Amino acid sequence: MKNIVILISGGGSNMGAIVRCAQRDDWRKTRGAQVAAVISNRADAGGLALAREHQIATDVVDHKRFATREEFEAELAAVIDRHQPSLLVLAGFMRILTPGFVQRYQGRLLNIHPSLLPAFPGLHTHQRAIDAGCKFAGATVHQVTAELDHGPILDQAVVPVLPDDTAETLAARVLTQEHLIYPRAIAALLPRL
Ligand code: GRF
């Protein structure tokens, strides 16, 4: 069985979309894969309850308990590796990862970013797209490499930027597309793992 481990920090709506797709399409039978665990760096992440509702194992590794990024990541990797993941999925996981951590999971580490990469890596993507006068925005699923929000692109979705959009209305429109492309990109990648 190919185990998928998902890292979250917040509401986990992308994680929820992946879990629902995995259950609806019965990835255990059809793709020999399952979401084995959801791990958060915050105990108050709303997505943890959502994962438990779907009978998925959860864990918390609170980054504030560690003096350095490396110590946090060593513990995080130990918890992740208990599930022997074929795929590690970042879904709104709000910690910057060191090159060492990325190297450990290279080739089986995915992220979703709320812009049409390579445009607007980093934070505040929606406001930046509006400020730049973009007519279209979107989201990107990509392999994670040591450089933040770079790495081979696996899937993208495009939405229009409307004249009266705020960062919030645009983010909501993009998020509905994230929920489609993240499960789709994972399903497409699974046979290659
Ligand atoms: C998404 O917009 C994702 O692209 C970004 O953080 C947000 C996470 O939302 N990296 P959720 O926790 O999946 O609801």
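We count ligands from 1, going down the list as the structure has it; atoms in each ligand are counted the same way. FYI, side chains are in, hydrogens and waters are out, and symmetry mates aren't considered; it's all heavy atoms of this structure. None of the values given here were measured: they were computed from a predicted structure.
Counting protein heavy atoms only, atom 14 (O) of ligand 1 is closest to S13 OG, 2.5 Å. Looking only at protein heavy atoms, the nearest one to atom 9 (O) of ligand 1 is N14 ND2, 3.9 Å. Protein heavy atom at the shortest distance from atom 5 (C) of ligand 1 is P114 CD, 4.1 Å. Closest to atom 10 (N) of ligand 1, if we only count protein heavy atoms, is I112 O, 3.4 Å. What sits closest to atom 7 (C) of ligand 1 on the protein, heavy atoms only, is G92 CA, 4.3 Å.
Residue-level proximity to ligand 1 for E178 is carried by the side chain, the only part with a heavy atom below 4.0 angstrom.
When only modelled atom types and interatomic distance are considered, N3 and Q84 share no side-chain donor-acceptor pair under 3.5 Å.
We find that R28 and D26 are not joined by a salt bridge, their nearest charged nitrogen and carboxylate oxygen being 4.0 Å or further apart.
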Full working for side chain to side chain contact (heavy atoms under 4.5 Å, CB included) between R173 and D165:
CA-CA 10 Å; R173 192 174 309 118; D165 261 337; 2.7 Å; yes

Does the side chain to side chain contact (heavy atoms under 4.5 Å, CB included) test come out yes or no for L87 and K2, once each step is laid out?
CA-CA 8 Å; L87 192 63; K2 293 171 185 169; over 6 Å; no

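For the pair G12 and ligand 1, the shortest N or O to N or O distance falls below 3.5 Å. Between H113 and ligand 1, not a single N/O pair is under 3.5 Å apart.
Using the six-membered ring where Trp is involved, H63 and F72 have ring planes that are perpendicular, over 60° apart on the 30 and 60° scheme.
Residue contact annotation: I8 has no non-hydrogen atom under 4.0 Å from ligand 1.
Within the structure, the salt bridge (charged side-chain N to carboxylate O under 4.0 Å, His left out) test picks out the following pairs touching residues 101-113 (sequence neighbours left out): D81-R104.
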